[in-house]
There are 2 protein chains.
Amino acid sequence: MDLEPLLGSQTCQSLSGTTNCTPSVCNECAVREHAVCGSLPVDALTELHQIGRHRLLRKGQTLVWEGDETLLVANVMSGMVKLSSGTSTGTEQILGIVGPSGFIGRPNGGPAAHSIVALMDTKLCVFPASPFRRFMEVHPEMGVALLDKAFDDLDRARRWQLMLARASASERTASLLLEFAGNRAIEGKAYVFPISRGQMADLAGLTIETISRQLTRLKKAGIISLPSRSGFIIHDRGALAAIAGEARHSGLH
Amino acid sequence: MDLEPLLGSQTCQSLSGTTNCTPSVCNECAVREHAVCGSLPVDALTELHQIGRHRLLRKGQTLVWEGDETLLVANVMSGMVKLSSGTSTGTEQILGIVGPSGFIGRPNGGPAAHSIVALMDTKLCVFPASPFRRFMEVHPEMGVALLDKAFDDLDRARRWQLMLARASASERTASLLLEFAGNRAIEGKAYVFPISRGQMADLAGLTIETISRQLTRLKKAGIISLPSRSGFIIHDRGALAAIAGEARHSGLH
DNA sequence: CGGCCTGTTGATGCTTATCAATTCCTGTGG
DNA sequence: CCACAGGAATTGATAAGCATCAACAGGCCG
């Protein structure tokens, strides 16, 4: 189902018998430069292809179940997945969200600390864990790149952590919107909420009602629009960023 | 100052000319089994020794400054360091705390995302970044171990993040105490607060006053003692853990 | 011994959670 | 295509929890 071998559409023409050109699917990959494979030389990339597959994960589908042995790792090409975990009280909690060029899974096995579920239709570059590990052993630069990405993620998690510790409701809501819109949020463009209000509340450490009130407030201030229940438009990115960063000292609360 | 070459106290006796026995300092290392070097074979460990040094970081001393190029990585053998960062408003914020067997620094260079400062006298196993990188290239298992640790840290950061998002003041304070006491908190043992009330407040996302009130409350409930300003004793570890986990439904708030 | 800094305790107000009612999508079936 | 049901989101009223402001106590240093 929706599995497409990466090699399937390779258009490299081996005129001289050598095949050291970039597989076309990678050239077309929107996140190539930012993902872990970005730093690989052509021949290594070609090799990596042979163990990976493209996969489309439909909205709501689960890639990995919490507690399962980790059998695969993946790059997110487009879309979004959530990392979630069940709590002692039985409810599900969102631990994080991973968007394009993000890496998910643990190469070294062990039970998964969280489930991975698609928030919208999501394209992935999936690799079985064992061959991926072997690939890392042969190509240490991949391990290096992955390590770098893991440390990046760690830094980002620590900063979000800080935000949760100190931010007000308006700051959290604004940060959430910017997160959903991606780092390069475009004014006037229609974005989709990848998660429900309830899940947004979980992630930001607020309640549904507070999220709703803050969105209304931002709408009334003219900073965003809410054309439908599941979409939003940013009109004033600067204002939103200002609120996300330091609302405590601005006029809008 | 306080620099001690790791090889200095190696007691391995090369009777037969071979030196493939574990360096004694590593045998004596309290965190050997939990640190990244734990999985290394003897010969690799011996090699790693030759690029590392022990270093004692005195309370308050800074190992790495935020923004500086990362020139070293280290294992924490004993003590505690904080990761901190300056904010836009000029104040310092604590991003996290690293205790024994923790790994700090980024092997792959780039400017440091946070300063690293000792919270108490701390013993470190320090390695210059470049030789450490070369070592990783030769010994991929080190990269694998480090990657695993990084993912562990990431999971822990995500869970603390979740805690901050949803926890009440009493939950946060209890979690903080358990964190300070280590995973195996012993009832009746005297522990030291590694950071000031203000820094605890920063870390937990509370104010000094609230931290103080919660500590008093825990003391009055008989769960802890506060024999001095800078120390605490846990009398009822179970109660503390219960509060940290699910205070919202207990009687104590 | 006295100043000073850190921590504790007290009183009050703001922010956000909670409880409750209503509206508005969305998707389903006729 | 429209009507309807069901759930999700919004809005309102109230209260709890924590921050803030303020005063005080207790070590630690000179």
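All chains are named by letter (A, B, ...) in the order of the sequence lines, taking the proteins before the strands, and each is independently numbered beginning at 1.
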Legend entry - S84(A) side chain near H114(A) side chain, heavy-atom distance below 4.5 Å: no
Legend entry - Check: T173(A) side chain, Q214(A) main-chain N or O, donor-acceptor pair, under 3.5 Å: no
Legend entry - Pair D121(A) + R58(A): basic N to acidic O under 4.0 Å: yes
Legend entry - Gap between atoms CZ and P, on F193(B) and dG7(C) respectively (whole Å): 10 Å
Legend entry - Ring geometry between F180(A) and F193(A) (parallel below 30°, tilted from 30 to 60°, perpendicular above 60°): perpendicular
Legend entry - Spacing of M200(B) atom CE relative to dA19(D) atom P, expressed in whole Å: 13 Å
Inset, instruction - Assess the side chains of Q93(A) and S85(A): does a donor N or O sit below 3.5 Å from an acceptor N or O? - result: no
Legend entry - Integer-rounded Å distance: dT9(C) C1' and K220(B) NZ: 9 Å
Inset, instruction - May I have all residue pairs that pass side-chain hydrogen bond (donor to acceptor under 3.5 Å, both in side chains) and include part of residues 204-213 of chain A, sequence neighbours excluded? - result: T207(A)-T210(A)
Inset, instruction - For G231(A), answer base if it contacts any base atom (sugar-phosphate contacts may also be present), sugar-phosphate if it contacts only those atoms, and nothing otherwise; contact means non-hydrogen atoms under 4.0 Å. - result: nothing
Legend entry - Whole-Å gap separating P (dT8(C)) and CZ (R217(B)): 15 Å
Inset, instruction - Using whole Å, report how far CD of Q214(B) lies from C1' of dA19(D). - result: 13 Å
Inset, instruction - Verify the contact: side-chain N or O of T210(B) to OP1 or OP2 of dA19(D), cut-off strictly under 4.0 Å; return yes or no. - result: yes
Inset, instruction - To the nearest Å, give me how far apart CG (L218(B)) and C1' (dT8(C)) are. - result: 15 Å
Legend entry - Earlier contact from the 5' end, DNA chain C, for S228(A) and K219(B): K219(B)
Inset, instruction - Please state how far atom CD in E171(A) lies from atom P in dA19(D), giving the value in whole angstrom units. - result: 14 Å
Within the sub-3.5 Å range, which N or O atoms of nucleotides 1-10 of chain D have a protein N or O partner, and how far apart are they?
residue, atom, partner, partner atom, Å
dG7(D), N2, R229(A), NH1, 3.4
dA8(D), N3, R229(A), NH1, 3.3
dA9(D), OP1, R197(A), N, 3.3
dT10(D), OP1, R197(A), NH2, 3.1
dT10(D), OP2, R197(A), NE, 2.8
dT10(D), OP2, S212(A), OG, 2.9
dT10(D), O5', S212(A), OG, 2.9

